[in-house]
Amino acid sequence: MSDATGVDATMSQIYVHHEISCAPRHWSEVAEQVQNSSHFENSVGNAFLYGIWRSQIGLPRDVLTMISVWPDTKTASSRSDDILSGLRFINNHKTKFLTPTLRPKTSEPPVKQGNYAFRWFETPKENYDKFLQLCEEAWSSFESSFDSQVIGLWRQQPIDKDSVSTLLLTRRPDLSMWERSKIPKTIEEKATREKLSRRYDLCDNTVVFTTTLITARDAKDTVSWS
């Protein structure tokens with residue numbers, strides 16, 4: 001069963017990925033407006049803000065990444081675009097509908113500052129189950145070895161006829177750990193890296209950009225990254 005957007009209408013709690021292109025030098029004002037949006041004032045039965053991220057590496061300075069969470073597909077389809085309606089300094093924005101896979105287990109938002117990597121994968125359907133298996137097998141040692149957290153792995157809706165598009169969001173304490181996690185040193189780290197490399201080899205395409213968390217509660221990022 002699907003609605004007009006082609007998203008499975010039987011699913012509950014839809015995550016919406018927003019890519020927001022802001023007017024030059026106004027990304028912080030846009031982020032502040034979104035955080036004060038009336039759409040997030042009452043979380044009972046309505047939307048809530050999962051997070052807003054600013055560009056670190058790989059996106060233009062004035063592009064924000066936001067994730068909102070909605071109670072169901074119908075509500076997300078009819079209202080997710082309204083969050084940005086009437087706000088100043090927004091040139092345009094794009095949205096993608098996402099459903100959780102292995103993680104997150106709850107919709108509790110991330111609140112700790114750090115290096116957040118958004119990685120998109122395009123995986124042929126016949127490779128998708130193995131892709132998930134390798135993710136699950138590698139994550140525990142990845143997190144313990146590199147002081148990192150896998151925030152979530154979401155599947156984009158609707159699913160393409162031949163492939164599955166997924167978004168992996170990971171957090172590291174800083175950019176130096178991003179580099180460190182790519183260069184294994186111990187036997188365990190090498191085994192973890194090998195599983196992750198096999199996962200990449202199952203995909204037709206993958207692309208990544210890094211960010212920091214505007215909505216973090218512990219620290220504010222003031223670095224001029226891009």
Side-chain angles (χ1 to χ4, degrees), residues 15-20 50-61 63-69 94-105 107 109-110 112-125 127-157 159-160 162-184 189 191-216 221 225-226:
Y15 292 70
V16 180
H17 175 279
H18 308 254
E19 181 183 294
I20 308 168
Y50 192 70
I52 307 175
W53 292 262
R54 58 175 291 222
S55 174
Q56 187 180 51
I57 296 176
L59 284 179
R61 176 196 60 191
V63 170
L64 295 176
T65 301
M66 178 177 80
I67 295 178
S68 58
V69 187
K94 303 174 184 177
T95 58
K96 295 178 180 178
F97 281 24
L98 305 169
T99 54
T101 62
L102 301 171
R103 295 188 191 179
K105 300 296 186 183
S107 54
K112 194 173 182 180
Q113 189 57 269
N115 163 266
Y116 285 81
F118 285 75
R119 181 179 288 277
W120 292 92
F121 296 93
E122 287 292 334
T123 307
K125 279 187 175 180
N127 294 343
Y128 182 63
D129 287 345
K130 185 64 176 179
F131 171 87
L132 288 179
Q133 178 188 336
L134 289 169
C135 287
E136 192 167 32
E137 290 177 356
W139 284 351
S140 178
S141 59
F142 167 78
E143 290 176 318
S144 61
S145 296
F146 302 113
D147 186 21
S148 303
Q149 297 82 46
V150 177
I151 305 299
L153 177 66
W154 293 267
R155 183 173 62 185
Q156 185 178 344
Q157 302 290 334
I159 299 173
D160 186 85
D162 299 317
S163 66
V164 181
S165 178
T166 50
L167 170 63
L168 175 65
L169 177 59
T170 54
R171 178 197 171 274
R172 297 164 178 83
D174 50 43
L175 193 57
S176 64
M177 187 57 74
W178 160 266
E179 181 181 17
R180 168 74 181 86
S181 68
K182 304 299 179 183
I183 306 171
E189 290 175 4
T192 300
R193 193 74 254 169
E194 192 271 336
K195 288 177 182 177
L196 295 176
S197 295
R198 286 168 58 199
R199 180 190 66 181
Y200 297 154
D201 292 341
L202 292 173
C203 303
D204 285 342
N205 185 46
T206 181
V207 63
V208 66
F209 60 86
T210 67
T211 64
T212 59
L213 183 61
I214 292 176
T215 48
D221 174 31
W225 294 105
S226 56

Apply the test side-chain contact (heavy atoms from CB on, under 4.5 Å) to residues Arg199 and Leu168: give CA-CA distance (whole Å), side-chain angles for both, the deciding distance (0.1 Å), then the verdict. CA-CA 12 Å; Arg199 180 190 66 181; Leu168 175 65; 3.7 Å; yes

Is the closest side-chain heavy-atom distance between [X] and [Y] below 4.5 Å?
X      : Y      : result
Tyr50  : Thr215 : no
Cys135 : Leu102 : yes
Ser68  : His18  : yes
Tyr200 : Phe121 : yes
Phe118 : Trp53  : yes
Leu134 : Leu196 : no
Thr166 : Val164 : yes
Leu153 : Arg103 : no

Would you confirm whether Thr212, through its side chain, and Gly114, through its main-chain N or O, come within 3.5 Å as a donor-acceptor pair? no

To the nearest 0.5 angstrom, please state how far the [atom1] atom of [X] sits from the [atom2] atom of [Y].
X      : Y      : atom1 : atom2 : result
Lys125 : Thr123 : NZ    : OG1   : 12.5 Å
Leu64  : Ile20  : CG    : CD1   : 5.5 Å
Gln156 : Lys96  : CD    : NZ    : 5.0 Å
Asp129 : Phe131 : CG    : CZ    : 11.5 Å
Ser144 : Phe142 : OG    : CZ    : 10.0 Å
Ile67  : Ser107 : CD1   : OG    : 12.0 Å

Report the C-alpha distance between Ser148 and Met177 in whole Å, list the side-chain angles of each, state the deciding distance to 0.1 Å, and finish with yes or no for side-chain contact (heavy atoms from CB on, under 4.5 Å). CA-CA 8 Å; Ser148 303; Met177 187 57 74; 4.2 Å; yes

Checking side-chain polar atoms at under 3.5 Å, does [X] have a donor or acceptor matched by the opposite partner on [Y]?
X      : Y      : value
Asn115 : Gln56  : yes
Thr99  : Gln157 : yes
Thr65  : His17  : no
Trp225 : Asp221 : yes
Glu122 : Ser163 : yes

For [X] and [Y], work out which heavy atoms get closest and say how close.
X      : Y      : answer
Ala216 : Lys112 : CB-C, 4.1 Å
Leu175 : Thr210 : CD1-OG1, 4.5 Å
Tyr116 : Ile151 : CE2-CG1, 4.2 Å
Leu202 : Pro124 : O-CD, 3.3 Å

In terms of heavy-atom contacts, does CD of Glu179 have more than 12 from other residues, nucleotides or ligands at under 6.0 Å? no

State whether the number of non-hydrogen atoms from other residues, nucleotides or ligands found under 6.0 Å of Lys182 atom NZ is greater than 12. yes

Taking only residues at least two apart or on different chains, which pairs with a member in residues 164-173 satisfy salt bridge (charged side-chain N to carboxylate O under 4.0 Å, His left out)? none

Under the side-chain contact (heavy atoms from CB on, under 4.5 Å) criterion, do Thr170 and Arg119 qualify, and how do the steps go? CA-CA 8 Å; Thr170 54; Arg119 181 179 288 277; over 6 Å; no

Residues Lys130 and Glu136 bridged, charged N to O under 4.0 Å: no

Residues Glu189, Arg180: salt bridge by 4.0 Å N-O rule: yes

The criterion is ring pair (Phe, Tyr, Trp, His ring centres under 6.0 Å); which residues satisfy it with Tyr128, sequence neighbours excluded? none

